[in-house]
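In what follows, chains are A, B, ... by sequence order, proteins preceding strands, each numbered from 1. Note that these values count all heavy atoms, side chains included, but never hydrogens, waters or copies made by symmetry.
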Amino acid sequence: MPELEKNYDAPTVEGKWYREWLDKKLFHAEARRGGNPFTILMPPPNVTGILHMGHALNVTIQDILIRWRRMEGRNVLWMPGTDHAGIATQNVVERALRKEGKTRNDLGREAFLKKVWEWREQYGNTILQQLKKLGVSCDWDRLRFTMDEGLSGAVTEVFIRLYDKKLIYRGNYIINWCPRCHTALSDEESVHVDTRGKLYYVRYPLREDSGKHLVVATTRPETMLGDVAVAVNPGDERYRALIGKKLVLPVAEREIPVIADDFVDPEFGTGAVKVTPAHDPNDFAIGNRHGLQPLDIMRPDGKMNENAGQYAGADRFDCRRRLVEQLDAEGLLEKIEDHQHAVGHCYRCDTVVEPRLSLQWFVKMKPLAAPALEAVRSGKIEFIPERWNGVYLDWMENIRDWCISRQIWWGHRIPVFYCGACGNEWAARGAPGACPKCKSGNIRQDEDVLDTWFSSWLWPFSTFGWPEQNPDLKLYYPTDTLVTASEIIFFWVARMIMAGFEFMGELPFRKVYIHGTVRDNTGRKMSKSLGNSIDPQAIIKDFSADALRFSLMMVTATGQDVFLSNDKFEIGRNFLTKLWNAARFIQMSGKQIDDASPDAAGPEALALPMINDSGKGRAGQLVPPFVPVGQGFPALSLTPDEQFILARLDGTIAACAENLGKYRFNDYAKCVYDFVWHQFCDWHIEYVKLPLGSGDEARRRESLRIMHHVFAHILKLLHPLAPFVTEELWHKMGYGGEDETIQNAPWPVPLGCEQLARLGVDQRAVAYVEMKHELIRVCRNLRTDCDISSSAGVRYIIRPENDEAAAQLSADRDSIKALLRAEAFEVDRAAAPQKALNALSPLGAVFIPIEGLVDVEREIKKHADQLAKLAGSLAAIERKLNNADFVGKAPPEVVALQQERRREALAQSEKIRRVIDLLSGFHPG
RNA sequence: GGGCGGUUAGCUCAACUGGCAGAGCGCCACCCUUACACGGUGGAUGUUACAGGUUCAAAUCCUGUACCGCCCACCA
């Protein structure tokens, strides 16, 4: 057994065990293994990505689920991969080119794409390396990329199927256009940001009577150059007479009609709306209703085009400023008001999005949404926490068609071809040589590529080789739980569900666990631009990956946002150091035995489990308890404290399973934390120092064996949270052979009271130890109250409560004495509280018989205060019990509980009163 | 404009189906007790945002208010 270093040096991904996991393909799932599959898809990070806390939170949760299920013996597959992130990646590469003074057009499509692939070769794996440092145990051999050949094939296949079903169509519509990225965006990619803008009131003179004018209000005055009409509500009395009249559009000096449309809200602005069909979705609709020809006044780069007359070439915002000045100078600007409204921004570059009329490809979503809606409505797919069901359903019910074409180069090119000869348009796999209709070779492919999400939405099955049917796809689809953030419910989750039903005929996953957003401690979202992000790499360096994972889970309540600051990670670091030191303690104790009895089997043998968790036979089944260990050490009966720790361990095992099953990762982490620190370390290790230090060899070995049993279980319970250190300790403690990993150690199963009893765990002993702990706390308080230094030897006398307590205490005297570091601990049924400090415990009254140390007045006051407090709570209990409604309506067990409390409170008061009487007797007066 | 979440100890947050409001950090006192000072022992700290209501019983359920934060939305 390798000795543990005194200073805890956190194991890392560079360490021995992780490398071996990878070498041995421990994470590799195989269909032929069969069994009960458990699949998780890692949300593929962008190739351009670098690891941030959101990733860390996301993958830690998944890794916990995966390692837990792996230890349970499931056929586990965790699919990793990266996303080509069309616009984002293209932007990154273009930025690099710009530094060389070039644009993508200088290179041309082919050469540019070559550059992007080179970039991805060089930097695309950064995030994967970073993920490994966190200990994520995904199936690295299956790594996929959305631009891989297989996945690209799936994209083409899906496009063609939808195209043939007429669910994909091409048309001229108003889309969100990013003038910086030069591409269309989907509605989801345009993020609305509340902005303090201006509302400009502009006078449009009447043609017939230039002295009169109609005032329209607009937030984007530059678009007036594309106005083709002004609309008013047909019911609006103010304007009824103007309907059908002509106005002169200022600056452009064009004639435009006044039209009537129900869309116009008479309450807003002036009740008259300028109609600009080429630059506003509502106006586009109005224009269509009235047969008006749209007039495009802008270029793709956001500068005005030749239709803008004198403003041609001006940037849209520059144009706005100058145009307003001109209007003002001409007396056509009525007023400017402040106006709060939501403005769309490009989700990749934050540029203000321009609604723009253009020819794009769309997916008709309503038919796809139907089964996906049903799946969540019926509960076949569940969101956790539940409230996201509503968000999802709401979006799906109001789903709009999806704009999937992008005017960039990096991505899956739209597999549609056009014939220059006959005008034929068709979708095809591969590169056709000629038009299928007229056989002309004069064909060209559509220039656009598909939205990145058009490949991501196929991830649950494209990663398994779809459309090819194979054993992997059959076994591992559908997956189990999708773990992700709320930001991509619409982008990704909803679309995967739709694709799953459409192309696989089945849901892609059963559960969607939505975790919170990682924020800094002032509640702001962590982001590079704010400079408030905590770099997981730095945390790993300073605190270890295990500490990062453990701390994250400790502070993350289910589905709530996480507020982080550096010091939060001390929780995990301190805890894991504590664990390490507990291991050192056990190991040092083990060595003592080696030294003392050289013929005994080594400490490794001590780790023999008492309970059948070997993975063979029925889980949790008992093997004959207390298999003799080594030679000449017969099994002994368990001490009360050992029974106690085994009972608590069993409770912890049960609690872990329950919390994991409910995705309550913080409660899971907390219950292990509490058990390790406050049960095992605070009490059991302190307790066990006596038997381990005693000369009784058999007792020592037996105590040590229980320690190892409990500690091995702790490591297992902790492994999903802290994989590195638990693996390290698993081996260093000798629990696993050289080639065995804790990942394959069977997950502990709770035994329950009955089976525990067969092991020799008596609930009465468990109850006694609980009271013993309370007694020890009472004694320590007593000593503190009396200002006796903890190093001074103290003599305690206890007068036991009853015969049972007397027997238990007498048998356990030495242990209590040791835990108190007392000079003496005497059990005396006849002890009378002489001139002594005294206190009450569940097992009996305790005294420290030291004359002269007693401040009688203070003692009386102390007890009187206690009595008063007790009287208060007693009164509250009485009030309840005297309330006929309470007794009549509350459940019987709640009433019984109150009665029990009253009984206890009364008994306690009586005892305190007696003590006060006694103390008063000492009173000098 | 619609929807969702939050408001609990000095700070950051828990408290699953109503039944004695908890943890970590910080704070105070004492302690280098041979696993651990990234530690040990003990301690202090709450009108659960506010106002009503339901109930024997409310941090928890209902109604409303205030503030903070998200998401969605074509009122120019």
Side-chain angles (χ1 to χ4, degrees), chain A residues 4 6 8 174 191-192 199 216-220 223 231 263-265 267-276 280-285 339 341-342 355 385 387-388 390-391 394-395 398 486-487 489-490 516-517 519 521 523-525 543 547 551 554-565 567-568 570-589 658-659 662 664 666-667 670 673-674 681-682 685-686 689 693 777 780-781 783-785 787-791 821 873 876-877 879-880 883-891 893-895 897-898 901:
Chain A
L4 295 178
K6 166 121 173 106
Y8 168 50
I174 297 279
V191 290
H192 290 103
L199 192 56
V216 301
T218 179
T219 52
R220 294 186 295 152
T223 63
F263 167 79
V264 180
D265 175 3
E267 303 294 315
F268 188 89
T270 59
V273 184
K274 58 193 269 317
V275 180
T276 322
D280 184 278
N282 294 314
D283 295 5
F284 182 70
H339 182 60
H341 63 143
R387 66 183 130 94
W388 295 107
V391 176
D394 191 55
W395 186 76
N398 300 302
S486 59
E487 286 102 82
I489 290 180
F490 307 141
T517 307
R519 299 175 184 284
N521 51 5
R524 294 175 308 175
K525 202 162 163 173
F543 296 91
S551 306
M554 281 289 279
V555 302
T556 308
T558 307
Q560 291 297 342
D561 286 353
V562 197
F563 293 74
L564 285 179
S565 54
D567 54 355
K568 294 268 172 82
E570 289 175 6
I571 301 173
R573 181 199 58 188
N574 293 356
F575 174 67
L576 296 171
T577 306
K578 187 81 179 174
L579 180 81
W580 186 264
N581 283 305
R584 281 185 63 228
F585 171 81
I586 298 171
Q587 210 182 46
M588 289 160 94
S589 313
E658 195 189 335
N659 288 323
K662 288 181 179 168
R664 303 174 67 89
N666 59 335
D667 289 335
K670 268 180 196 137
Y673 179 96
D674 184 71
C681 292
D682 285 356
I685 286 186
E686 292 309 314
K689 285 173 179 171
R777 272 189 289 264
R780 284 169 179 162
N781 274 330
R783 196 205 59 221
T784 307
D785 277 354
D787 293 330
I788 302 173
S789 144
S790 55
S791 50
R821 297 177 185 283
S873 58
I877 296 168
R879 257 199 309 281
K880 278 190 184 177
N883 182 339
D885 281 329
F886 174 73
V887 178
K889 292 180 188 170
E893 62 272 18
V894 173
V895 177
L897 189 70
Q898 293 301 325
R901 268 187 212 141

Colleague: Phosphate oxygens OP1/OP2 of B:rC30: is one of them under 4.0 Å from a side-chain N or O of A:R783?
Modeller: no
Colleague: Taking the minimum atom-to-atom distance to the side chain of A:K578, which one of B:rA76, B:rC36, B:rA14 wins?
Modeller: B:rC36
Colleague: Is the phosphate of B:rG39 approached by A:N574 (side-chain N or O, under 4.0 Å from OP1 or OP2)?
Modeller: yes
Colleague: To the nearest angstrom, how far is A:W580 atom CH2 from B:rG39 atom P?
Modeller: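 A:W580 atom CH2 is separated from B:rG39 atom P by 17 Å.
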Colleague: A:R387 has an atom CZ; how far is it from atom C1' of B:rC70, in whole Å?
Modeller: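 Result: 10 Å.
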Colleague: Tell me whether the side-chain N/O atoms of A:K689 come closer than 4.0 Å to OP1 or OP2 in B:rA35.
Modeller: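 For B:rA35, OP1/OP2 do have a side-chain N/O of A:K689 under 4.0 Å.
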Colleague: In whole angstroms, how far is the P atom of B:rC30 from the CZ atom of A:R780?
Modeller: 19 Å
Colleague: Atom CZ of A:F490 to atom C1' of B:rA73: distance rounded to whole Å?
Modeller: 11 Å
Colleague: For A:R573 and B:rG24, give me the distance from atom CZ to atom P, rounded to whole Å.
Modeller: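 The distance from CZ of A:R573 to P of B:rG24 comes to 16 Å, rounded to the nearest Å.
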Colleague: Contact class for A:D682 (heavy atom, under 4.0 Å): base, sugar-phosphate, or nothing?
Modeller: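 Sugar-phosphate: the residue A:D682, judged by heavy atoms under 4.0 Å, touches backbone atoms but no base.
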Colleague: Please state how far atom CG in A:N398 lies from atom C1' in B:rA73, giving the value in whole angstrom units.
Modeller: 10 Å
Colleague: Using whole Å, report how far CG of A:N581 lies from C1' of B:rA37.
Modeller: 11 Å
